Amino acid sequence: MTPKTEEELAQMIAGANGPLRIKGGGTRPIGQCEGDELSISAMSGISLYEPGALTIVAGAGTPISEVEKVLAAENQRLAFEPMDHRALLGTKGEPTLGGMAAANVSGPRRISVGACRDFMLGVRFVDGQGTIIKNGGRVMKNVTGYDLVKLMTGSYGTLGVLTEVSLKVLPDVACVGTLRLHGLSDAQAIQALSSALGSPFEATAAAHFPKGPSGDPVTMLRIEGFEESVKYRAGKLQELLKAYGEVEVTVGDWAEWNAVRDVTTFADQTGDVWRISAKPSDAPELAAKIDATGLQYDWGGGLIWALTEAGRDIRAALGDFDGHATLIRGAADVPTFQPEAPALATITSGLRTKFDPRGILNSGIMN
């Protein structure tokens, strides 16, 4: 089923006799969904773009690449740097705005500017009863009552099918600089990254690889802005981090940060891929517990990407910790999402009952 209008979508959902599996670009098949496929790919196109107001509105089926091309022409960008899962998951197609919003997809820059949901201004969607709902608008202060915009962002299509998304955008930057340290242990790297992120020199990404391209540990920081500002802050960070070893600086290379964003290190390697959110100070200890064959730290240690043996649920090894582990690529018999605490599960169930009383939207994805 591929509805061309919001009204057609509402009729299809209202008349559905069983579960529906919501599909955008088909690039992020995370979780085990049941039911007939319902594609929103035809609900595509930019309906409003106001560069002066830093606002863009587009259909949920609009390819992210189309939006980024339009923004680039005005020297603007999606500041939260949405990840492209295709290399990691071995999928084709085009990532869409709706899929991005439904999964709250955010990249390395989240530590400095926020996540996808922090840039969401408004949404239109159809709930599980076939009701068309609009919430939010075109400016941040326009949200009143229940903030359904934030609720829908990251709900993985379980509360409603997005048809339109309104986003805040930001100006692009003129220059990028990367600082590298070599040979640090995981704990030393997290300390160094935390020190840099706590400084006034505005790092916009902070990553660590226990095994870099040469096989040795490499720790990376990114700074962005006008060229003179980048060079000045790079010098200050070199001074700040000299206790951790020699700090290399390069200017102008974006490709390696796209690789960090898309976790391409694990793309051609066999095994399961886990995404673990945790306190940065806990990250080295947590990573040591899971016996991973590959590790990548992002967000200064707040996000751990782990490549592990296929079919193994690492949550038992992690134990009780302040965070959650999501299976991004792996066996169908391992739960995709972290089991919710009883109180949170009660709230979640109540929300789904309210928005999708028949339980037909992406049924089973959270199991």
Side-chain angles (χ1 to χ4, degrees), residues 27-32 83-91 103 105-108 110-111 178 180-194 205-221 255-339:
T27 64
R28 197 181 301 107
I30 297 170
Q32 305 301 314
M83 175 183 178
D84 185 340
H85 287 75
R86 286 177 290 186
L88 181 64
L89 300 183
T91 53
V105 178
S106 312
R110 178 174 182 171
I111 58 172
T178 300
R180 293 180 192 80
L181 296 102
H182 297 275
L184 301 185
S185 68
D186 292 7
Q188 290 172 327
I190 299 306
Q191 290 175 359
L193 294 176
S194 296
H208 173 66
F209 296 85
K211 289 185 179 180
S214 66
D216 297 323
V218 59
T219 308
M220 300 166 54
L221 283 159
E256 61 186 342
W257 286 105
N258 290 340
V260 172
R261 179 196 70 191
D262 299 338
V263 198
T264 56
T265 302
F266 301 158
D268 298 323
Q269 300 188 50
T270 59
D272 292 351
V273 176
W274 291 82
R275 183 182 186 275
I276 306 163
S277 292
K279 291 166 53 180
S281 57
D282 293 342
E285 182 180 352
L286 291 172
K289 291 180 177 181
I290 58 179
D291 192 27
T293 56
L295 288 168
Q296 173 183 316
Y297 296 85
D298 202 351
W299 302 352
L303 177 62
I304 308 168
W305 289 96
L307 180 69
T308 67
E309 179 186 355
R312 183 166 65 92
D313 191 339
I314 66 170
R315 296 187 182 100
L318 288 170
D320 187 20
F321 72 101
D322 188 9
H324 56 270
T326 305
L327 180 62
I328 299 298
R329 187 186 79 191
D333 56 345
V334 177
T336 300
F337 295 95
Q338 184 87 17

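The first residue in the sequence is number 1, and the count goes up from there. Treat the numbers as computed from the prediction; the structure is a model and nothing was measured.
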Minimum heavy-atom separation for [X] and [Y], please, with both atom names.
{"X": "Ala207", "Y": "Trp257", "result": "CB-CZ3, 4.2 Å"}
{"X": "Val218", "Y": "Gly212", "result": "CG1-CA, 3.7 Å"}
{"X": "Ile111", "Y": "Ala206", "result": "CD1-N, 3.8 Å"}
{"X": "Pro108", "Y": "Ala205", "result": "CB-CB, 3.8 Å"}
{"X": "Thr264", "Y": "Ala87", "result": "CG2-CB, 4.2 Å"}
{"X": "Ala306", "Y": "Ala292", "result": "CB-CB, 4.2 Å"}

Sorted by chain and number, sequence neighbours left out, side-chain hydrogen bond (donor to acceptor under 3.5 Å, both in side chains) with Arg110 holds for none
Applying side-chain hydrogen bond (donor to acceptor under 3.5 Å, both in side chains) to Ser185 and not counting sequence neighbours gives Gln188
When Ile190, Ile304, Leu295 are each screened for side chain to side chain contact (heavy atoms under 4.5 Å, CB included) with Pro284, the one that passes is Ile190
The residue among Asp216, Thr219, Leu193 that forms side chain to side chain contact (heavy atoms under 4.5 Å, CB included) with Leu184 is Thr219
Donor-acceptor pair, distance only, cut-off 3.5 Å: does the side chain of [X] make one with the backbone of [Y]?
{"X": "Arg28", "Y": "His85", "result": "no"}
{"X": "Gln296", "Y": "Phe209", "result": "no"}
{"X": "Arg312", "Y": "Asp272", "result": "no"}

Side chains of [X] and [Y]: closer than 4.5 Å at any heavy-atom pair?
{"X": "Arg275", "Y": "Leu303", "answer": "yes"}
{"X": "Asp291", "Y": "Thr308", "answer": "no"}
{"X": "Lys211", "Y": "Thr265", "answer": "no"}
{"X": "Leu318", "Y": "Ile290", "answer": "yes"}

Worksheet item: Should we say atom CD of Glu309 is surrounded by more than 12 heavy atoms from elsewhere, each under 6.0 Å from it?
Response: no
Taken in chain and number order and not counting sequence neighbours, the residues that satisfy salt bridge (charged side-chain N to carboxylate O under 4.0 Å, His left out) with Arg315 are Asp313
Across all chains, not counting sequence neighbours, the salt bridge (charged side-chain N to carboxylate O under 4.0 Å, His left out) partners of Asp262 are none
Between atom [atom1] of [X] and atom [atom2] of [Y], what is the distance when rounded to the nearest 0.5 Å?
{"X": "Met83", "Y": "Asp298", "atom1": "CE", "atom2": "CG", "answer": "10.0 Å"}
{"X": "Glu285", "Y": "Lys279", "atom1": "CD", "atom2": "NZ", "answer": "10.5 Å"}
{"X": "Gln338", "Y": "Leu327", "atom1": "CD", "atom2": "CG", "answer": "11.5 Å"}
{"X": "Asp84", "Y": "Thr91", "atom1": "CG", "atom2": "OG1", "answer": "7.5 Å"}
{"X": "Glu256", "Y": "Arg180", "atom1": "CD", "atom2": "CZ", "answer": "4.0 Å"}

Residue pairs meeting ring-ring contact (aromatic ring centres under 6.0 Å, His included), one or both in residues 287-331, sequence neighbours left out, come to His208-Tyr297
The complete set of ring-ring contact (aromatic ring centres under 6.0 Å, His included) pairs with one or both residues in residues 271-291, sequence neighbours excluded, reads none
